[in-house]
Amino acid sequence: MRIVMWRLVLLMFLWSCWIQCCCRRMVKKEKEEHHWIQWNEHEVLAYWQMPLLTGCGLELITSNLGRFDETVEEDAKGIEDSLTLVESLLDLDRSGILQRASGKEKPLPSVVSCICNQTTFVAWLFGRIDKKESDADHAATANATISPAVLKLHSSEVLSSILQHEDYSMQRCGRALAVLPKYASAFDDSDENPAAKSNGEGNNVLDGMEILLLSIAAYRKTDPQIEVECEFLENVFDSLAASLMREDNVADFVEKEGIELMLRCVREKVHSGGGALKVLNFALSGAGNGSNDAYKKACETFVHVGGLKILFPLYMARKSAIPCPATCSEGGSNLAKKGMTKENGGAVSKRAKRAAHARKKWLAEVEHNAIYIMYALTRYIGKDSQYDAHARLLVKFVEDDCEKCDRTIELCLKFDEKARIAEYQYFRSDEAEEAEQAGVDIELAALDAKLRGGGDMFHRLCAILSFACIGSTRSHGHVRDQLKLQGSGISVIKEGLKEFDSLLAIGPQKTQVERYLSEI
């Protein structure tokens, strides 16, 4: 029965590939009827995929996953095909094909919504990520085409895609990760463990937050050794960061000492430190203009456990504090070092250039995350904060002759220049001319280019400087003097705050920026 069921799943997957292949051939053959063919391709794909959402397709796939034995090659192939099928559904949903084909009269729920509300597939993914491979399993799968490590990696990729979907992050579906319902299959014997039922609901809960933190903890002191491990770790960090867009997950993250673990990873300067900074950014920053109590508590906890001692060296761009990418990653390879040293002259291979670019991207992300975390602290920490966090943060900007203020000014002017250049280059580009002919608002498109080019960072750095200036008279005078030496003035900060204010929706964040404008 088990072999028949996985073959059914495989048949569904092959059917999907065949339909997509036919659609591509139709598009290639009938280029003259472009608009009709585009609609036809979407409808063909959607008609095949809709029964999986409206019928029992997802439940069937989820139920059979628990029956497969990974040590059997055919079953491992069935798991891989099932994950690929769900991934295909997520891609179609993300591209909007299913919604366009379903029509406006009866719009389909998102694939993520169906997965979270109708199945326990997410719990199965967490269970697969947490699964420990025994020596017997390792021996049984030593020569297998699909190894357990590949299935673990694929599971982490699918989980990351689900948690990054807006329906989950906006709490339209799914539960907090710490209270997920355990995996259940329609083929389970309802009477096989009656004692477990009598113990209450707690036994039917899976702690996904704990699983993600434990997966990261394995790399808190050491780097991943192979590329598969490196990719798995990145997927886990992406999953955890995306989950922290929800306040209920942030509260559990703080309670389970997630902040302390992330700081440990950064302090050890291993590969996991880069992902840990990203997670801290999401854990402290918040997603909207609500009460944000969980994010405020997270910021206070960050200061209380000594996060400022780790953050400020990164903010000051001290090389000795920056986490190093693993040698199995592109940015940490020897090619990256060769590309970085020879970029000003000499022959450099394409691989070395690509590796050097990955290294630069890594360093830029560390800098950006440090700025985002610093802004989050200034945004949420007030005079009423616990652990004397407000005073402890302010004193950092005053100590050592206000060197942190000097660094903030340096970054502020740097990103202001980058933003202006990005805006200027957009106006001079062919893209702007094409957009104007298409009736697109050029000013709005240029603003988008400016924000992506560095304007977003510039706005937050202006807010950080305002926090330091308003909280300390000494910092305020020092900032004014340094800006004059740079041939600038406090008006640069005010202009950045005005532009920032114009982009914010009504709420506490906008109110804070307006207060900065009136007091600076």
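Nothing fancy with the numbering, it's 1 onward along the sequence. Everything numeric in this text was worked out from a predicted model, so none of it was measured.
- Side-chain atoms of W362 come within 3.5 Å of backbone atoms of P323 as a donor-acceptor pair (strictly under, hydrogens ignored).
- Classification of E403 and R318 as a salt-bridged pair holds, one side-chain N sitting under 4.0 Å from a carboxylate O.
- At most 12 heavy atoms of other shown residues, nucleotides or ligands fall within 6.0 angstrom of atom CD in E227.
- A side-chain donor-acceptor contact under 3.5 Å links H154 and E87.
- Between K152 and E231 no salt bridge is recorded (no basic side-chain N to carboxylate O distance below 4.0 Å).
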Using the rule given for side chain to side chain contact (heavy atoms under 4.5 Å, CB included), can you reason through F458 versus L413, listing the C-alpha separation, both sets of side-chain angles and the distance that settles it, and then say yes or no?
CA-CA 8 Å; F458 171 61; L413 297 178; over 6 Å; no
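- A salt bridge is absent between R452 and D456; no separation between the charged side-chain nitrogens and carboxylate oxygens falls under 4.0 Å.
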Check: Can K360 and E365 be said to form a salt bridge (charged side-chain N to carboxylate O under 4.0 Å, His left out), step by step?
Finding: CA-CA 9 Å; K360 287 182 179 179; E365 286 179 354; over 6 Å; no
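- Here R94 pairs with D91 in a salt bridge; the nearest charged N to carboxylate O distance falls below 4.0 Å.
- Annotation: cation-pi geometry not satisfied between R460 and Y372 (NZ/CZ under 6.0 angstrom from ring centroid, within 45° of ring axis).
- For the residue pair Q164/S160, the side-chain donor-acceptor check at 3.5 Å is satisfied.
- In terms of modelled atom types and a separation under 3.5 Å, the side chain of S239 and the main chain of N235 share a donor-acceptor contact.
- Under the 30°/60° scheme for interplanar angles, the aromatic rings of F312 and Y315 are found to stand perpendicular.
- Residues Y380 and D293 have side chains that never bring a donor and an acceptor to within less than 3.5 angstrom of each other.
- The backbone N or O of N281 lies less than 3.5 Å from a partner atom in the side chain of S285, making a donor-acceptor pair.
- Put simply, the side chain of Q512 gets close to the backbone of R379: a donor and an acceptor are under 3.5 Å apart.
- A donor-acceptor contact closer than 3.5 angstrom is absent between the side chains of R420 and Y424.
- If you check the side chains of S113 and D167, you find no donor sitting under 3.5 Å from an acceptor.
- Looking at E300 and H390, their side chains never bring a donor and an acceptor atom within 3.5 Å of each other.
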Side chain to side chain contact (heavy atoms under 4.5 Å, CB included), that's the test. Do L240 and F253 meet it? Break it down for me. CA-CA 9 Å; L240 181 56; F253 176 76; 4.1 Å; yes
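- Heavy-atom neighbours of K414 NZ from other residues, nucleotides or ligands within 6.0 Å: above the threshold of 12.
- Just one residue in the list R515, K510, K494 forms a salt bridge (Lys or Arg N to Asp or Glu O under 4.0 Å) with D501, and that residue is K510.
- Remark: the D406 side chain and the H478 side chain contain an N/O donor-acceptor pair separated by less than 3.5 Å.
- Remark: K278 pairs with D238, A241, F282, N369 by the side chain to side chain contact (heavy atoms under 4.5 Å, CB included) rule, at least two apart or across chains.
- Applying the side-chain hydrogen bond (donor to acceptor under 3.5 Å, both in side chains) test to pairs two or more places apart or on separate chains, none has a residue in residues 430-447.
- Shown here is E514, whose CD atom has more than 12 heavy atoms of other residues, nucleotides or ligands within 6.0 Å.
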